[in-house]
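Presented below is the structure to which this report refers.
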Amino acid sequence: MPSQMPKYNHEWPPVKKDMKKHRPTWEDHGLETPRDLARKTSPNLNDYKWYIGACDRYEAENALYATQMDGAFLVRDCSKNITDEPYVLVVFYRNKVYNIKIRYIRDKQRYALGTGLWRNDVFDSVSAIIKFHLTFPIVLIDGKDKTGCQKEMCTLTYPLTKEDVN
């Protein structure tokens, strides 16, 4: 009679919210968090009404859809919590919402938008990115378009605030 293999009971967190209990943090290793590191080179973003901080992607998108205003935007913390992509610029244009990574380039101590495949303009701060695109159009590329051919352009016109999202 073949012996049965024992069933292993893995002690993995049963739900996503319990993951944080089992995941080591930056502070556990004596390191600064990625956002703290990026904020050292950027002025206090809390001084700007368009910065809403920690926010779920879907909450931000829903708030932008509710405005129905081309060029409506906000900046939120990136949920990945990594040094290289500390923030996300979220823009509404032509009934679509675009989530654009704001990259922190450590060796230059500057910021840039997107993946860097199409353009690599760099800025001294996140606020400099916003200020620039209040005047000059930002290139919006649909993330579902793998060719990168479907590009839209718009200027940032209407900042959403924490009150608009909550």
Side-chain angles (χ1 to χ4, degrees), residues 16-17 19-20 26 32-166:
K16 190 174 182 176
K17 69 178 182 176
M19 292 285 290
K20 289 183 180 176
W26 293 90
E32 294 180 271
T33 65
R35 280 197 192 91
D36 291 341
L37 195 62
R39 283 185 181 133
K40 280 186 172 180
T41 62
S42 184
N44 188 358
L45 291 179
N46 289 313
D47 294 341
Y48 299 96
K49 60 183 176 180
W50 42 257
Y51 174 68
I52 59 168
C55 176
D56 181 75
R57 174 184 181 144
Y58 301 103
E59 289 175 319
E61 289 180 356
N62 287 337
L64 285 162
Y65 277 119
T67 66
Q68 288 294 305
M69 294 179 64
D70 286 346
F73 72 97
L74 59 85
V75 174
R76 65 177 177 84
D77 290 344
C78 183
S79 57
K80 291 181 183 178
N81 198 23
I82 58 175
T83 307
D84 298 340
E85 298 169 7
Y87 309 107
V88 178
L89 171 62
V90 190
V91 180
F92 180 86
Y93 186 69
R94 293 194 176 169
N95 211 30
K96 280 188 180 178
V97 174
Y98 298 85
N99 286 275
I100 306 159
K101 298 173 185 178
I102 298 177
R103 294 179 291 123
Y104 178 64
I105 305 165
R106 266 190 254 178
D107 58 335
K108 294 181 181 181
Q109 294 190 1
R110 298 183 80 188
Y111 294 88
L113 287 176
T115 61
L117 294 175
W118 302 104
R119 293 183 73 167
N120 211 10
D121 297 336
V122 292
F123 298 86
D124 291 331
S125 65
V126 174
S127 60
I129 292 172
I130 302 304
K131 186 176 180 180
F132 180 82
H133 289 295
L134 288 170
T135 304
F136 299 100
I138 186 170
V139 177
L140 303 171
I141 301 171
D142 188 341
K144 295 175 186 169
D145 174 30
K146 300 300 178 197
T147 65
C149 294
Q150 297 180 8
K151 297 178 185 176
E152 299 280 359
M153 293 182 74
C154 84
T155 54
L156 303 177
T157 57
Y158 181 77
L160 266 67
T161 65
K162 289 180 185 180
E163 291 76 32
D164 296 321
V165 175
N166 296 331

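Note that the numbering runs from 1 along the sequence shown for the chain.
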For side-chain contact (heavy atoms from CB on, under 4.5 Å), just list the numbers for Leu45 and Trp50, CA-CA rounded to whole Å, side-chain angles, deciding distance to a tenth of an Å, and then say yes or no. CA-CA 9 Å; Leu45 291 179; Trp50 42 257; 4.0 Å; yes

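- Ala66 pairs by the side chain to side chain contact (heavy atoms under 4.5 Å, CB included) definition with nothing, not counting sequence neighbours.
- Interatomic distance, Leu113 CG to Ile102 CD1, rounded to the nearest 0.5 Å: 6.0 Å.
- Rounding to the nearest 0.5 angstrom, the gap separating the CG atom in Leu156 from the CD1 atom in Ile130 is 5.5 Å.
- Annotation: side-chain hydrogen bond (donor to acceptor under 3.5 Å, both in side chains) contacts of Thr67 (sequence neighbours excluded): none.
- Under the 3.5 Å distance criterion, the side-chain polar atoms of Arg94 are left unmatched by any main-chain donor or acceptor of Asp70.
- Cys55 approaches Ala60 most closely through the heavy-atom pair SG-N, 3.8 Å.
- Within the model, atoms CG of Asp56 and CZ of Arg76 stand 7.5 Å from one another, a figure rounded to the nearest 0.5 Å.
- Expressed to the nearest 0.5 Å, how far CD1 of Ile52 lies from CG of Asn166 amounts to 8.0 Å.
- Distance CD/Glu152 to OH/Tyr98: 4.5 Å, rounded to 0.5 Å.
- Residues meeting the salt bridge (charged side-chain N to carboxylate O under 4.0 Å, His left out) test with Lys96, sequence neighbours left out: Asp142.
- With sequence neighbours excluded, no residue satisfies ring-ring contact (aromatic ring centres under 6.0 Å, His included) with Tyr158.
- In terms of heavy atoms, Leu89 sits closest to Val91 at CG-CG2, 3.8 Å.
- Not a single side chain to side chain contact (heavy atoms under 4.5 Å, CB included) links Lys131 to another residue, sequence neighbours left out.
- The ring-ring contact (aromatic ring centres under 6.0 Å, His included) check on Tyr93 picks up nothing, with sequence neighbours excluded.
- Remark: Lys151 NZ to Ile141 CD1 distance equals 5.0 Å, nearest 0.5 Å.
- Looking only at side-chain heavy atoms (C-beta outward), Glu61 and Asn99 come within less than 4.5 Å of each other.
- Taking the side chain to side chain contact (heavy atoms under 4.5 Å, CB included) definition, one finds that Asn95 meets it with Tyr65, Gln68, Phe92, sequence neighbours left out.
- Closest approach of Ala112 to Ile105, counting heavy atoms only: CB-CD1, 3.9 Å.
- Ile138 has its side chain within reach of Ile100: a pair of non-hydrogen atoms, C-beta onward, lies under 4.5 Å apart.
- In terms of the salt bridge (charged side-chain N to carboxylate O under 4.0 Å, His left out) criterion, Glu59 has no residue partners (sequence neighbours excluded).
- Glu85 meets the side-chain hydrogen bond (donor to acceptor under 3.5 Å, both in side chains) test with no other residue; sequence neighbours excluded.
- Put simply, the side chain of Tyr87 reaches to within 4.5 Å of the side chain of Val126, judged on heavy atoms.
- Using a 4.5 Å cut-off on side-chain heavy atoms (C-beta onward), Leu140 and Met153 make no contact.
- For the side chain to side chain contact (heavy atoms under 4.5 Å, CB included) test, residues two or more places apart in sequence or in another chain that qualify with Ala63 are Leu160, Val165.
- Of all heavy-atom pairs between Gly114 and Arg103, the closest is O-NE, 2.5 Å.
- Listed here is the closest heavy atom pair of Cys154 and Gly71: SG-CA, 4.3 Å.
- Below 30°, between 30° and 60°, or above 60°: for Tyr111 and Tyr104 the angle between ring planes is between 30° and 60°, a tilted geometry.
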